[in-house]
Amino acid sequence: MLKVGDKAPTFSLPDADMDMVDLGRYLNARHVVLLFYPKDGTPCCTREVTDFADHDEDFNKQGCALLGINREDCLKHQEFRDKEGIGIELLSDAEGKVCRQYGVWQAREVDGQTKFGIVRSTFVIDRSGLIRHALYNVNYKGHAQEVLRLVKELNS
C-alpha cells in the first residue's frame, strides 16, 4: 500500500471514449485526485462518483483534476457516464495493473472464500507527483467534500 510522501506510480489508461489518459500530463500543472471504486452502476459507487462529478467545478477551481478508475471496460464506463451524466474521466484498468500499483486490489473473505476486488480508495497527488493523501477503504458518504477540503488545504 502507498503512503504519504511516496511518488505516485505513473500510468496511461483508456477513458470511456478509448482516448489514452496519462498521469504524467498533469505533472507540474494540476493536482490529481484518483478515486478507485469497485463497479460502475452499483448504488454506492454511483453515489460516490456522481458526488465527485457534482463537485468537479469546485475541484477545477482548486487546480485539481478528477480521475475515476476501476477494472470495467471502456464501453461500461461510457454507458455509466452517459446514464448518470458524469463529467469526470473514468479510466479502464481492465488488467488491474494500476489497481495493484496503488495497492487497492486486495483479498477479502466472502462466504468462506477468498475473493479479490477493489477496495474503495482515494489518492490526492500534488503537482510534483507526490502522494499527499492515501485514503484506503473509504466510506462514500461525504467523501467528495472531505477530499475537496484536503485539496483546499494543499493549496493554502
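All values below come from the heavy atoms of this structure, side chains included, with hydrogens, waters and symmetry mates left out.
Heavy-atom contacts from other residues, nucleotides or ligands closer than 6.0 Å to NZ of K141 number 12 or fewer.
Considering NE2 of H133 and CG of L2, their distance stands at 14.5 Å, rounded to 0.5 Å. Annotation: the span from Q106 atom CD to R100 atom CZ amounts to 13.0 Å, rounded to 0.5 Å. Considering CD of Q62 and NE2 of H31, their distance stands at 8.0 Å, rounded to 0.5 Å. Separating the CZ atom in F36 from the OH atom in Y102 is a distance of 6.0 Å, to the nearest 0.5 Å. Annotation: the span from E84 atom CD to C45 atom SG amounts to 11.5 Å, rounded to 0.5 Å. Note that CD1 of I69 is 9.0 Å distant from CD1 of I118, once rounded to the nearest 0.5 Å.
The side-chain contact (heavy atoms from CB on, under 4.5 Å) test applied to M18 returns C74, not counting sequence neighbours. Take R149 and apply the salt bridge (charged side-chain N to carboxylate O under 4.0 Å, His left out) test, not counting sequence neighbours, and it matches E146, E153. Contacts of F52 classified as ring pair (Phe, Tyr, Trp, His ring centres under 6.0 Å), with partners at least two apart in sequence or in another chain: F59, H143. Every residue was checked against the salt bridge (charged side-chain N to carboxylate O under 4.0 Å, His left out) condition with E109, not counting sequence neighbours, and none meets it. K115 pairs by the side-chain contact (heavy atoms from CB on, under 4.5 Å) definition with V110, Q113, not counting sequence neighbours. In terms of the salt bridge (charged side-chain N to carboxylate O under 4.0 Å, His left out) criterion, R71 has no residue partners (sequence neighbours excluded). Partners of A29 according to the side-chain contact (heavy atoms from CB on, under 4.5 Å) rule, which considers only residues two or more places apart in sequence or in another chain, do not exist here. With sequence neighbours excluded, no residue satisfies salt bridge (charged side-chain N to carboxylate O under 4.0 Å, His left out) with D51. Residues that satisfy the side chain to side chain donor-acceptor pair (under 3.5 Å) test with E89, not counting sequence neighbours, are R25, Y26. With sequence neighbours left out, the side-chain contact (heavy atoms from CB on, under 4.5 Å) criterion links A16 to H77, Q78, R81. Under the ring pair (Phe, Tyr, Trp, His ring centres under 6.0 Å) criterion, Y37 pairs with no residue at all, not counting sequence neighbours. Partners of Y140 by ring pair (Phe, Tyr, Trp, His ring centres under 6.0 Å), not counting sequence neighbours: none found.
In plain terms, the two heavy atoms of K7 and S128 that are nearest each other are NZ-O, 2.8 Å. Minimum heavy-atom separation, I88 to A53: CG2-CA, 4.0 Å.
Judged purely by atom type and a 3.5 angstrom limit, D17 has no side-chain atom pairing as donor or acceptor with the backbone of D19. Not a single donor-acceptor pair under 3.5 Å links the side chain of D6 to the backbone N or O of I131. Judged by distance alone, the side chain of S121 and the main-chain N or O of V119 form a donor-acceptor pair under 3.5 Å. Within the 3.5 Å criterion, the main-chain N or O of G41 finds no donor-acceptor partner in the side chain of K83. Of the possible donor and acceptor atoms, one in the side chain of S92 sits under 3.5 Å from a partner among the backbone N and O of E72.
With contacts defined as side-chain heavy-atom distances shorter than 4.5 Å, the pair L130/I125 does not qualify.
Proximity of the aromatic rings of F123 and Y136 is defined here by a centroid distance below 6.0 angstrom, and this criterion is met.
L27 and V33 end up in different hydrophobic clusters when Ile, Leu, Val, Met, Phe, Trp and Tyr side chains are linked at under 4.5 Å. Hydrophobic clustering (ILVMFWY, side-chain heavy atoms < 4.5 Å, transitive): V32 and V124 are in distinct clusters. In this structure, F11 is not a member of the same hydrophobic cluster as L90, with clusters built from ILVMFWY side-chain heavy atoms closer than 4.5 Å. By the rule that hydrophobic residues join a cluster once side-chain heavy atoms approach within less than 4.5 Å of another member, F80 and L35 end up as members of one cluster. Each of L34 and V49 belongs to its own hydrophobic cluster when Ile, Leu, Val, Met, Phe, Trp and Tyr are linked at side-chain heavy-atom distances under 4.5 angstrom.
R120 and N139 form no side-chain donor-acceptor contact under 3.5 Å, judged by distance and modelled atom types alone. Using modelled atom types and a 3.5 Å distance limit, the side chains of D93 and N70 yield no donor-acceptor pair.
By the 4.0 Å N-to-carboxylate-O rule, D40 lies too far from K76 to be salt-bridged with it.
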